[in-house]
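Data first, discussion second: the structure below is written as structure tokens.
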Amino acid sequence: LAAKEAELQRREAELAAREAQLSGGGKPQQPPPKAGKPQQQQQPAVVDRSNNFPSCWPLVYHNLSVDIPPHVRHLATYLYVGWSAFVGLLLWNAVACFSMLVAHAAGVTTAASDFGLSVMYGLVLPVVSFISWYRPVYRAFARNSSLGFMVYFVFGSMHIMFCGYMALGIPGSGSAGGINMIAMFTDKKILAGVCCAIAFVGWAVSGLYFLVLLKRVHSAYRNGGMSMEGAQNEALQSVASNGAVRSAA
């Protein structure tokens, strides 16, 4: 009798298990997770946004592939390449001015001041250009900011005019451009003339390059639905959120 009762209880347990399986949609119940082994959850990727630029002395975070949307990333890349080439051009301009100083052409009396100014340009203008026009347009692309684009249009235009000014090579301007180049070749200072010619071509090409980019960035600005009104609203919001302004008010 005891054996029959155990058999009946076993069959009743099997029937109850089948009924529970059928009521659950025919899907067997998953066994509970074992103790001591918690389920692993996929964690979202964390981007390291610590300062990484410039690499020799990181002061800001700069990552085109992370910050800039794909449809405008090529424009931001062209701007970065142009800014990097501008830094190199400033260094070459200083070399060309030094060659003018060493050549000591008879018709050139401003070689010393040209060299001094060219060195100052090489030290100051990379930082000024990065802050005044490159960083604003980088943030404008990253944040879809009308205000950032407006800042770029103002200082980017000034940058183009500066390239044109440097291409002229006016004596005493700190440039080894056209006029100084002609003076070197006229006095048969061939090496200095070649250095100045490279600087002249570099300044001319740089100005045209940034002019084309300015037009393309303006097209992206218009196609993105941004406007002067949006820039004004951003400026007002920035002022309103400034703690110093609020405390003064």
Side-chain angles (χ1 to χ4, degrees), residues 44-70 72-102 112-145 147-163 165-167 173-177 195 198-199 201-203 205-207 209-210 213-214 216-217 220 234-235 238 241-244:
V46 178
V47 178
D48 182 11
R49 302 189 69 86
S50 57
N51 294 342
N52 62 355
F53 185 86
S55 57
C56 58
W57 188 11
L59 296 174
V60 296
Y61 175 75
H62 181 271
N63 193 327
L64 292 167
S65 61
V66 172
D67 286 345
I68 310 301
V72 290
R73 190 175 298 153
H74 64 288
L75 279 178
T77 302
Y78 291 153
L79 287 162
Y80 175 67
V81 170
W83 177 82
S84 301
F86 172 71
V87 174
L89 184 56
L90 288 169
L91 296 177
W92 178 258
N93 182 71
V95 171
C97 287
F98 180 73
S99 72
M100 290 168 48
L101 181 63
V102 173
S113 59
D114 281 324
F115 176 64
L117 283 173
S118 67
V119 171
M120 185 192 72
Y121 291 159
L123 295 174
V124 175
L125 291 185
V127 178
V128 172
S129 59
F130 185 88
I131 295 173
S132 64
W133 64 263
Y134 177 72
R135 193 64 176 173
V137 74
Y138 178 93
R139 290 180 174 176
F141 280 130
R143 304 175 184 178
N144 206 32
S145 168
L147 181 60
F149 281 112
M150 287 298 171
V151 173
Y152 165 71
F153 293 145
V154 172
F155 289 99
S157 300
M158 294 174 63
H159 180 79
I160 294 170
M161 290 187 287
F162 176 78
C163 290
Y165 170 74
M166 294 294 283
S173 65
S175 167
C195 292
I198 295 173
V201 173
W203 287 119
V205 171
S206 180
Y209 179 85
F210 282 111
L213 280 182
L214 184 72
R216 295 187 65 179
V217 171
E234 287 183 37
S238 177
S241 61
N242 190 300

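Start at 1 with the first residue, then count along the sequence.
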**Request:** Begin from the C-alpha positions of F141 and D67 and carry the test side chain to side chain contact (heavy atoms under 4.5 Å, CB included) through to its verdict.
**Result:** CA-CA 8 Å; F141 280 130; D67 286 345; over 6 Å; no
**Prompt:** Any donor-acceptor pair under 3.5 Å linking the side chain of Y78 with the backbone of F210?
**Reply:** no
**Item:** Considering all heavy atoms, the nearest L90-P126 contact
**Value:** CD1-CD, 3.7 Å
**Message:** Does M120, at its CE atom, have more than 12 non-hydrogen atoms belonging to other residues, nucleotides or ligands within less than 6.0 Å?
**Reply:** yes
**Complete:** dist N51:CG -> W57:CH2 (nearest 0.5 Å) comes out at 12.0 Å
**Message:** Could you work out, with side chain to side chain donor-acceptor pair (under 3.5 Å) as the rule, every residue matching S129, not counting sequence neighbours?
**Reply:** W83
**Request:** Indicate the atoms forming the closest heavy-atom contact of A199 with A176, along with that distance.
**Result:** CB-O, 3.7 Å
**Asked** Looking only at heavy atoms, which two atoms of P69 and A142 are closest? And how far apart?
**Response** CD-CA, 4.4 Å
**Spacing of OH belonging to Y152 relative to CG belonging to L214, to within rounding of 0.5 Å** = 4.5 Å
**Asked** Taking only residues two or more places apart in sequence or in another chain, which ones pass side chain to side chain donor-acceptor pair (under 3.5 Å) with S55?
**Response** none
**Item:** S173 and Y165, any side-chain heavy atoms less than 4.5 Å apart
**Value:** yes
**Request:** Heavy atoms only: give me the nearest S132-V151 pair and the separation to one decimal.
**Result:** O-CG1, 3.6 Å
**Asked** Should the pair F115 and F98 be assigned to parallel (<30°), tilted (30 to 60°) or perpendicular (>60°) ring geometry?
**Response** tilted
**Request:** Report the relative orientation of the aromatic rings in W133 and H159; use parallel for angles under 30°, tilted for 30 to 60°, perpendicular for over 60°.
**Result:** tilted
**Request:** Could you tell me which non-hydrogen atom of S206 sits nearest to which non-hydrogen atom of C163, and how far apart they are?
**Result:** OG-SG, 3.6 Å
**Request:** Measure the spacing between CZ of R143 and CD1 of I68 and express it to the nearest 0.5 Å.
**Result:** 10.0 Å
**Prompt:** If only atom types and distance count, is the side chain of N52 paired as donor or acceptor with the main-chain N or O of H62 below 3.5 Å?
**Reply:** yes
**Asked** Considering all heavy atoms of both residues, which atom of L75 and which atom of A220 are nearest to each other, and what is their separation?
**Response** CD1-CB, 4.0 Å
**Message:** As a test of understanding, state which of F130, W203, Y134, Y209 forms a side-chain contact (heavy atoms from CB on, under 4.5 Å) with F86.
**Reply:** W203
**Asked** Taking the side chain from N93 and the backbone from G174, do they hold a donor-acceptor pair closer than 3.5 Å?
**Response** yes
**Request:** Please round to the nearest 0.5 Å and tell me the distance separating atom NE2 of H74 and atom CG of L79.
**Result:** 10.0 Å
**Message:** Quick check: do M166 and L89 have side-chain heavy atoms less than 4.5 Å from each other?
**Reply:** no
